[in-house]
Amino acid sequence: MQSTISSTNKNYQMTPSERSAFQTAFMTWYDENRRDLPWRQNQEPYRVWLSEIMLQQTQVQTVIPYYERFLATFPTVADLAAAPEDLLMKTWEGLGYYSRARNLQKAARQIVDDYDGHWPTTAAELEKLAGIGPYTAGAIASICFGEVVPAIDGNAFRVFSRLLKIDADITDPKNRKIFYDAILPLIPEDRPGDFNQAVMDFGSQICTAKNPTIGDTALAPFFRSYQDGTLLDYPVKTKKAKQKPVAMFAVVIRSQNGVLFQKRPSTGLLANLSTYPLVAAETLQADDDELLTPEEQLARIEAHFQEAYGLKLQQLHESGLKPVVHVFTHLKWTITILQAQLAADAELAFFPGQWYTEAQLVDVALPTVQKKIMARLATD
DNA sequence: GACTCGTGGGG
DNA sequence: TCCCCAAGAGT
């Protein structure tokens, strides 16, 4: 069969002697520098799994307090499976990517119902659980069950692209196999979990995105890109799109029973969390409209509430506060705050949502953007 | 395969 | 201010 040279079948293997020397040096580095983290106290799959889910796209320092609190609230997988959704989301409040929390409970119920409380022990089986993809499956299988399998996250892409000068675009999912095939033979068969955790520690402390310090370690001779001065050319990735700007209004309606909140739909952005009623400016604009003035927008919002809910808002007005800006992964909300005080005899039951006093809010899961708006109001 | 889905921190 | 980054997965 004719072989062809392409970027997808380059040879990234080390010689047996180089590989052996690398493994020794790498595991020695880990033994001397490994971080003492809460989820490294033992290898119970529940604890390791919880940490891996929380650590998805989230820094260690952010996760630690959430991890401790979550484990105290839901000590076992059975507790989590049986948890009320409101408590679940309140415990996750502020950590972001809220589908992780819902998938966590889904997977807990899979373990309890489908696996009789026993964890599957291979990456292939683990990947069938909700919220567990190729990275997390590899991490749990290697750490908890000793399977020789890579756990390829952002650290692994960075470390091994620089180690072996792999120039495949890490943002392209089809290139994942290139890394898998390159990493697999480097895993010491007696310490696969430690190897994958060493990649995390080395990647986050030494082989960092900015200001890497590989030259200060005994690993430097193995890093091909360091040796030829091309370290910062790796990993190769295409840059992300900018956030789409979105103009929003937050409508703060106060009554004798508290402030009106609405629970967001069970899917999509900030699913199941509560906010002040939010209205996207785009929904106020007719196709043939010129750009609306602030006065026209206020009139449109009053009309919107009247049409949607049959409600007449009295004294709806701009707060005069600076808009709240909140950036998501792909959206940038600029939020104008509107306020209204309802008359004492207003029909509160007609309003869509829930009236919460400050004391009641303690148990309600609020996204950070909502807390930002509340903080802005408090400065008034 | 391209989008969607949060938040906090650093240069 | 803006951009990138941080232990990705689901659709």
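Since we're looking at a predicted model, the values are computed, not measured. Order of the sequence lines sets the chain letters (A, B, ...), proteins ahead of strands, with each chain counted from 1.
Checking A/Leu331 against A/Lys372, the closest nucleotide of DNA chain B that is more toward the 5' end is the one next to A/Leu331. Map A/Gly131 and A/Gly203 each onto its nearest nucleotide of DNA chain C; the residue landing nearer the 5' end is A/Gly203. In terms of position along DNA chain B, the nucleotide closest to A/Pro173 lies nearer the 5' end than the nucleotide closest to the other residue of the pair A/Thr267 and A/Pro173.
Distance from the side chain of A/Asp172 is smallest to B/dG1 among B/dG6, C/dA9, B/dG1. Side-chain atoms of A/Tyr98 lie closest to B/dG6 of the nucleotides C/dC5, B/dG8, B/dG6. Here the side chain of A/Thr136 is nearest to one of C/dG8, C/dA7, B/dT7, namely C/dG8. In this structure, the nucleotide among C/dA7, B/dT7, B/dG11 sitting nearest to the side chain of A/His326 is B/dT7. With B/dC5, B/dT7, C/dC4 as the choices, the nucleotide that has an atom nearest any side-chain atom of A/Leu270 turns out to be B/dT7. Taking every side-chain heavy atom of A/Gln59 into account, C/dA6 is the closest of C/dC4, B/dG1, C/dA6. Distance from the side chain of A/Tyr97 is smallest for B/dG6 among the nucleotides B/dG6, B/dT4, C/dC4. In the set C/dC4, C/dA7, C/dC3, C/dA7 carries the atom at the smallest distance from any side-chain atom of A/Leu37. If you check C/dA9, C/dA7, B/dT7 against the side chain of A/Gln56, the one that comes closest is C/dA9. Of the candidate nucleotides B/dT7, C/dC5, C/dA7, C/dA7 has the atom nearest to the side chain of A/Asp153.
Taking atom P on both B/dG6 and C/dT11, the two are 13 Å apart, rounded to the nearest angstrom. A gap of 23 Å separates the P atoms of C/dA7 and B/dC5, to the nearest Å. The P atoms of B/dT4 and C/dA6 are separated by 23 Å, rounded to the nearest whole Å.
Within the structure, a side-chain polar atom (N or O) of A/Arg158 is placed less than 4.0 Å from OP1 or OP2 of C/dA7. Distances shorter than 4.0 Å separate some side-chain N or O of A/Gln57 from OP1 or OP2 on C/dG8. Taking only side-chain nitrogens and oxygens, A/His330 never comes nearer than 4.0 Å to OP1 or OP2 of B/dC3. In this model, the phosphate group of C/dC5 is approached by a side-chain N or O of A/Lys237 to a distance below 4.0 Å at OP1 or OP2.
B/dG8 atom P lies 11 Å from atom CD of A/Glu93, rounded to whole Å. In this structure, CZ of A/Arg176 is placed 14 Å from P of C/dA7, rounded to the nearest angstrom. Straight-line distance from the NZ atom of A/Lys242 to the C1' atom of C/dC5: 18 Å, rounded to whole Å. Between the P atom of C/dA7 and the CZ atom of A/Phe160 lies a distance of 13 Å, rounded to the nearest Å. In this structure, A/Lys240 places its NZ atom 15 Å from P of B/dG6, rounding to the nearest Å. One interatomic measurement links the two molecules: CH2 of A/Trp333 to P of B/dT4, which rounds to 14 Å at whole-angstrom precision. Between the P atom of B/dG6 and the NZ atom of A/Lys371 lies a distance of 16 Å, rounded to the nearest Å. As rounded to whole Å, 13 Å separates atom C1' of C/dA7 from atom CD1 of A/Ile183.
A donor N or O paired with an acceptor N or O is found under 3.5 Å between the base of B/dG6 and the side-chain atoms of A/Thr58. For A/Thr329 and B/dG6, a side-chain-to-base donor-acceptor distance below 3.5 Å is present, hydrogens and geometry of angles not being considered. For A/Arg35 against C/dA7, a side-chain-to-base donor-acceptor contact under 3.5 Å is present.
Within the nucleic acid shown, A/Val63 has no heavy atom closer than 4.0 Å to any nucleic acid atom. Nucleic acid contact class of A/Arg40 (heavy atoms, under 4.0 Å, all strands): base. Residue-level contact check: A/Ile132 touches the backbone only, with heavy atoms under 4.0 Å from sugar-phosphate atoms and none from bases. At the heavy-atom level, A/Ser51 lies nowhere under 4.0 Å from the strands shown. Looking at heavy-atom distances under 4.0 Å, A/Trp39 makes contact with a base. Using a 4.0 Å heavy-atom criterion, one finds that A/Ala139 contacts no nucleic acid atom at all. Across all strands, A/Asn103 comes closer than 4.0 Å only to sugar-phosphate atoms, never to a base (heavy-atom distances). If you check every strand for non-hydrogen atoms under 4.0 Å, A/Val199 touches nothing. Among the protein residues, A/Ala130 comes within range of the sugar-phosphate backbone only, with heavy atoms under 4.0 Å from sugar or phosphate atoms but none that close to a base.
Taking the six-membered ring for Trp and thresholds of 30 and 60 degrees, A/Phe22 and A/Phe26 have nearly parallel ring planes, at less than 30 degrees apart.
Annotation: A/Tyr356 is in aromatic contact with A/Phe261 [ring centroid separation under 6.0 Å].
We find that A/Arg35 and A/Asp201 are joined by a salt bridge, their nearest charged nitrogen and carboxylate oxygen being less than 4.0 Å apart. The pair A/Lys177-A/Asp181 counts as a salt bridge, with a side-chain nitrogen and a carboxylate oxygen less than 4.0 angstrom apart. With respect to the salt-bridge test (charged N to carboxylate O, under 4.0 angstrom), the residues A/Glu93 and A/Lys371 qualify. A salt bridge does not link A/Asp114 with A/Arg109: none of the charged nitrogens is closer than 4.0 Å to a carboxylate oxygen. Ion pairing between a basic and an acidic side chain is recognised when a charged N comes within 4.0 Å of a carboxylate O; A/Asp86 and A/Lys263 show such pairing.
Under the 3.5 Å distance criterion, with hydrogens and angles disregarded, a donor-acceptor pair is assigned to the side chains of A/Thr58 and A/Arg100.
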